[in-house]
4 protein chains.
Amino acid sequence: MQRRIPSPPSPPARGGRPRSAAADEAILAATREVLVEAGWSGLRLGEVASRAGVAKTTLYRRWPGKSELVVDAVAVLFDELELPDSGSLASDVSAVVLQFAALLERPETRTSLMAVVAESTRDEALRRRIGSAIVDRQKRLVVEGRARAQGRGEIPPDADPVAATRNTDLVFDVIAGTVVHRALVSAQPVDADWAERLALLLVTGIGGTA
Amino acid sequence: MQRRIPSPPSPPARGGRPRSAAADEAILAATREVLVEAGWSGLRLGEVASRAGVAKTTLYRRWPGKSELVVDAVAVLFDELELPDSGSLASDVSAVVLQFAALLERPETRTSLMAVVAESTRDEALRRRIGSAIVDRQKRLVVEGRARAQGRGEIPPDADPVAATRNTDLVFDVIAGTVVHRALVSAQPVDADWAERLALLLVTGIGGTA
Amino acid sequence: MQRRIPSPPSPPARGGRPRSAAADEAILAATREVLVEAGWSGLRLGEVASRAGVAKTTLYRRWPGKSELVVDAVAVLFDELELPDSGSLASDVSAVVLQFAALLERPETRTSLMAVVAESTRDEALRRRIGSAIVDRQKRLVVEGRARAQGRGEIPPDADPVAATRNTDLVFDVIAGTVVHRALVSAQPVDADWAERLALLLVTGIGGTA
Amino acid sequence: MQRRIPSPPSPPARGGRPRSAAADEAILAATREVLVEAGWSGLRLGEVASRAGVAKTTLYRRWPGKSELVVDAVAVLFDELELPDSGSLASDVSAVVLQFAALLERPETRTSLMAVVAESTRDEALRRRIGSAIVDRQKRLVVEGRARAQGRGEIPPDADPVAATRNTDLVFDVIAGTVVHRALVSAQPVDADWAERLALLLVTGIGGTA
DNA sequence: TGCTAACCGAGACGGTACGTCCCGTCTTGCG
DNA sequence: CGCAAGACGGGACGTACCGTCTCGGTTAGCA
């Protein structure tokens with residue numbers, strides 16, 4: 001598990017009173033709190049500021065808007081995902097699927113993840129922020145899982161680094177996309193049974209259940 | 001390809017002037033138009049109404065809000081998806097993936113699909129509307145593809161109807177979720193090469209690319 | 001006391017189904033009813049129509065708008081004013097003042113009389129309607145009172161008809177205007193004591209109270 | 001002639017940006033301007049705000065509604081009334097009557113005075129605002145006129161302060177009410193001749209013209 | 001220790017869109 | 001053809017937030 005500070009874009013800060021560091025965390029915590037209570041579309045930056053004991057201007061000095069603030073507020077939650085070495089590729093997949101689903105059950109993420117993705121379709125800077133703060137950081141799970149599976153001989157080693165990246169990205173899209181779709185679009189439960197069936201599908205292919 | 005009328009929730013309308021049927025379609029068309037130009041967050045219902053040549057009240061009489069309107073406006077686009085019989089399961093998958101990706105490239109869907117899903121996480125009625133107007137309707141593609149593959153002997157027949165539904169739902173979540181994630185979250189192109197690699201993964205499993 | 005039907009401007013009614021006469025009175029009664037409950041600014045013509053068991057179109061076919069409807073609805077109440085012969089000019093004035101004040105205490109008149117007068121400042125037709133339906137009809141009280149006082153020798157006979165009209169109009173403006181101002185602007189009670197003091201002032205002049 | 005600032009109900013304003021004082025006057029001036037052009041029922045607060053170069057919210061932050069705004073906008077005009085010492089009670093009355101009538105000829109007052117009075121019949125707070133901002137302030141004219149007449153010996157001195165107030169109020173209701181009724185209800189001109197006849201009536205009583 | 005620049009809270013500001021309300025008109029089918 | 005019913009185009013409402021701006025006051029770091 002990694003540690004990271006979202007670090008809003010602060011200027012070099014040459015003279016004068018420095019920005020309060022405590023305010024940052026108070027704002028992010030207040031953001032998560034309001035997200036839980038009111039959801040994405042009910043998130044008011046004035047309310048966040050007042051809960052954080054901070055003026056609206058202070059908030060706007062550090063984040064350009066709602067989307068960026070929420071990305072930073074939520075990103076840290078994703079760093080809690082871990083890949084246990086459970087002995088087989090299928091059970092590793094199953095385990096990480098269940099963890100990810102649990103994260104998507106939390107109201108902060110459930111209500112805001114798709115919202116910021118939606119915003120990002122018209123905002124390239126936001127898309128990059130999501131990529132670096134959330135998506136790319138979690139590819140480590142796939143990289144690690146593939147390495148272990150290769151070590152066990154469950155899957156062949158990579159032909160070359162390019163193919164390795166391509167395969168990692170593909171598997172990441174499949175796992176993350178499928179879980180999100182199940183949880184948020186189909187709105188069906190992600191339980192151990194479903195996780196195992198997904199893992200089996202990924203390991204053996206559609207026809208492999210025979 | 002199916003035909004359907006989204007049919008906003010109209011009361012039985014016993015007496016009085018009947019609702020204009022033309023207004024419905026004009027409103028939905030204007031909605032798509034504004035979505036293309038301004039995106040989800042730039043969609044103003046007043047603007048939609050005025051483009052449709054309709055009063056704002058007429059719009060609100062038929063749809064409770066932005067989300068529901070957009071679901072109905074966009075749903076019809078999904079009915080254009082078709083499953084060509086291309087001779088093999090892998091190429092059927094690849095073909096439908098490319099079609100779905102092309103749909104997600106359209107600005108109307110690209111910008112609004114995730115937005116309504118995000119809203120639906122706090123609005124059960126909206127979630128059901130998305131389910132019935134968009135999601136469930138497209139499962140036909142998976143049902144048909146599986147039937148063909150079974151006919152060809154590529155995959156075993158279903159043990160029982162319950163298992164058939166479960167498998168259909170799983171495969172649908174995998175394909176739709178993966179394409180959405182690739183296109184909107186990872187923001188990488190869905191080209192023929194990627195589509196084939198995804199299809200191969202699904203048919204043969206993670207280890208099968210060796 | 002007179003009897004009158006306000007008679008909205010009905011066309012000659014040549015062919016077809018004739019207008020329901022009962023509807024007229026139902027509409028006026030409903031208007032008074034809603035005025036009592038909601039006041040002038042809370043008076044909705046749709047509400048009036050529905051209380052009268054009538055369609056909005058029926059109402060608009062008979063009255064051009066809210067102001068005209070209210071004038072007709074309220075005018076009839078003024079016809080209940082009477083001038084008792086109480087033996088002296090001062091007590092006649094006092095009696096009619098109290099009657100008029102009682103009328104202004106009724107919510108229908110209290111809330112709507114000044115409102116239609118206000119509207120009439122920019123609507124000449126409305127002003128004439130108020131004049132003929134309400135104001136001019138009540139000048140009879142002053143005419144009668146003056147005649148009696150002249151009969152008693154309390155005031156001199158009129159020099160000529162022009163002067164008679166001028167004096168009648170002046171006295172009418174003084175009495176009606178003063179009572180309205182006391183009741184609605186100063187918002188002080190019009191009781192017997194005040195009525196007598198006003199009557200005394202009018203009969204003997206400002207200095208006469210000594 | 002007095003000076004006064006209508007002073008909308010502003011909170012003590014301890015911290016934060018202070019309210020713009022210039023905005024107040026701009027809003028009141030714009031209100032009078034729109035009243036002249038469109039009248040009471042054509043007065044749109046959005047239009048007032050935009051003419052004042054102010055956001056609608058700024059206006060609503062300071063006045064609760066149309067009626068209160070108009071009272072404050074119009075009140076200042078009444079402060080221009082003056083009581084010239086013309087040598088006799090009758091001519092003093094006549095002079096103030098003509099001034100008051102001239103004020104009622106102005107479109108801003110003509111169209112709005114009765115309207116706010118009508119509103120005030122169902123709004124006690126509004127009634128008090130009218131009382132303190134307009135009515136009570138002008139009683140000074142009667143107080144002054146009575147004092148002069150007493151100085152000249154035209155009317156007897158007051159027996160006691162209570163009687164003085166009662167007489168002042170009565171005379172005020174008579175003069176103001178009569179002029180308003182003549183100008184707005186009867187809709188007849190208030191010229192020098194009529195003013196003198198009214199003054200004579202008040203000084204000598206109904207029978208006194210003999 | 002005292003200056004000073006950037007910070008801070010509070011909250012008013014111009015602005016935009018909202019969703020509602022009611023207007024007065026029109027379009028139905030029934031009697 | 002009048003009528004009840006009710007949808008229609010239209011326009012103003014008063015509210016909610018936005019993101020910016022002005023205040024007076026605080027606080028660190030340099031002199």
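Protein chains get the first letters and strands the later ones, always in sequence-line order, with residue 1 at the start of each.
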Next item on the list: Find the distance B/Leu69:CG to E/dG19:C1' and express it as a whole number of Å.
Entry: 14 Å
Check: Just to confirm, is there a sub-4.0 Å distance from OP1 or OP2 of F/dA7 to any side-chain nitrogen or oxygen of B/Arg62?
Finding: no
Margin query: Rounded at 0.5 Å granularity, tell me how far OG in C/Ser67 sits from CG in C/Asp72.
Written below: 11.0 Å
Notebook entry, point to check: Taking only residues two or more places apart in sequence, or in another chain, which ones meet B/Ala125 in a side chain to side chain contact (heavy atoms under 4.5 Å, CB included)?
Noted result: B/Asp123, B/Arg128
Check: Between E/dA12, F/dT20, F/dC23, which nucleotide has the shortest distance from any of its atoms to the side chain of A/Tyr60?
Finding: F/dT20
Item checked: Proximal nucleotide (of F/dG19, E/dG15, F/dA4) relative to the C/Ala55 side chain -> F/dA4
Margin query: Does E/dC7 have its OP1 or OP2 closer than 4.0 Å to a side-chain nitrogen or oxygen of A/Arg61?
Written below: no
Checklist line | All side chain to side chain donor-acceptor pair (under 3.5 Å) counterparts of D/Arg110, not counting sequence neighbours | finding: none
Next item on the list: Whole angstrom is fine here: how far is it from NZ in A/Lys66 over to P in F/dG19?
Entry: 9 Å
Notebook entry, point to check: Rounded to whole angstroms, how far apart are CG on A/Leu59 and P on E/dG11?
Noted result: 17 Å
Checklist line | Nearest-Å distance for atom pair CG/C1', residues C/Asp24 and F/dG2 | finding: 14 Å
Notebook entry, point to check: Does C/Thr57 or B/Gly53 map to a spot on DNA chain F nearer the 5' end, using the closest nucleotide for each?
Noted result: C/Thr57
Note to self: Could you measure the distance from the CH2 atom of C/Trp63 to the CG atom of C/Leu45? Nearest 0.5 Å is fine.
What the structure shows: 11.0 Å
Notebook entry, point to check: Below 3.5 Å, does any donor atom in the side chain of A/Lys56 face an acceptor in the base of E/dG9, or the other way round?
Noted result: no
Next item on the list: Look up atom NZ in D/Lys56 and atom CD in D/Glu47, then write down how far apart they are to the nearest 0.5 Å.
Entry: 12.0 Å
Item checked: Rounded distance (Å) that lies between atom C1' of E/dG9 and atom CZ of A/Arg51 -> 19 Å
Item checked: Test side-chain contact (heavy atoms from CB on, under 4.5 Å) applied to C/Ile134 and C/Leu113, step by step -> CA-CA 10 Å; C/Ile134 303 184; C/Leu113 199 58; 4.3 Å; yes
Notebook entry, point to check: Are OP1 or OP2 of F/dA7 and a side-chain N or O of B/Thr58 less than 4.0 angstrom apart?
Noted result: no
Note to self: Please pick, from F/dC8, F/dG9, F/dA4, the nucleotide with the shortest atom-to-atom distance to any side-chain atom of B/Arg19.
What the structure shows: F/dC8
Next item on the list: Take atom CD of A/Glu47 and atom C1' of F/dC17, then tell me their distance rounded to the nearest Å.
Entry: 12 Å
Notebook entry, point to check: Quick one: which of E/dT27, E/dA12, F/dC18 gets closest to the side chain of A/Leu45?
Noted result: F/dC18
Check: Taking five pairs at each end, how big is the angle between the two axes of the helix from E/dT1-F/dA31 to E/dG31-F/dC1, to 10°?
Finding: 10°
Item checked: Interatomic distance where CH2 belongs to A/Trp40 and P belongs to F/dC17 [whole Å] -> 15 Å
Note to self: Can you tell me whether the side chain of B/Arg17 and the base of F/dC8 have a donor-acceptor pair closer than 3.5 Å?
What the structure shows: no
Checklist line | Separation between CZ of A/Arg44 and NZ of A/Lys66, rounded to the nearest 0.5 Å | finding: 5.5 Å
Check: Relative to the 5' end of DNA chain E, which residue comes earlier, C/Gly46 or A/Ala52, by the nucleotide with the nearest heavy atom?
Finding: A/Ala52
Item checked: Comparing D/Ser20 and C/Gly42 on DNA chain E - which has the more 5′ nearest nucleotide -> D/Ser20
Checklist line | Lys/Arg N to Asp/Glu carboxylate O, B/Glu37 vs B/Arg51, below 4.0 Å | finding: yes
Check: What is the distance, rounded to the nearest whole Å, between atom CZ of C/Arg44 and atom C1' of F/dA12?
Finding: 12 Å
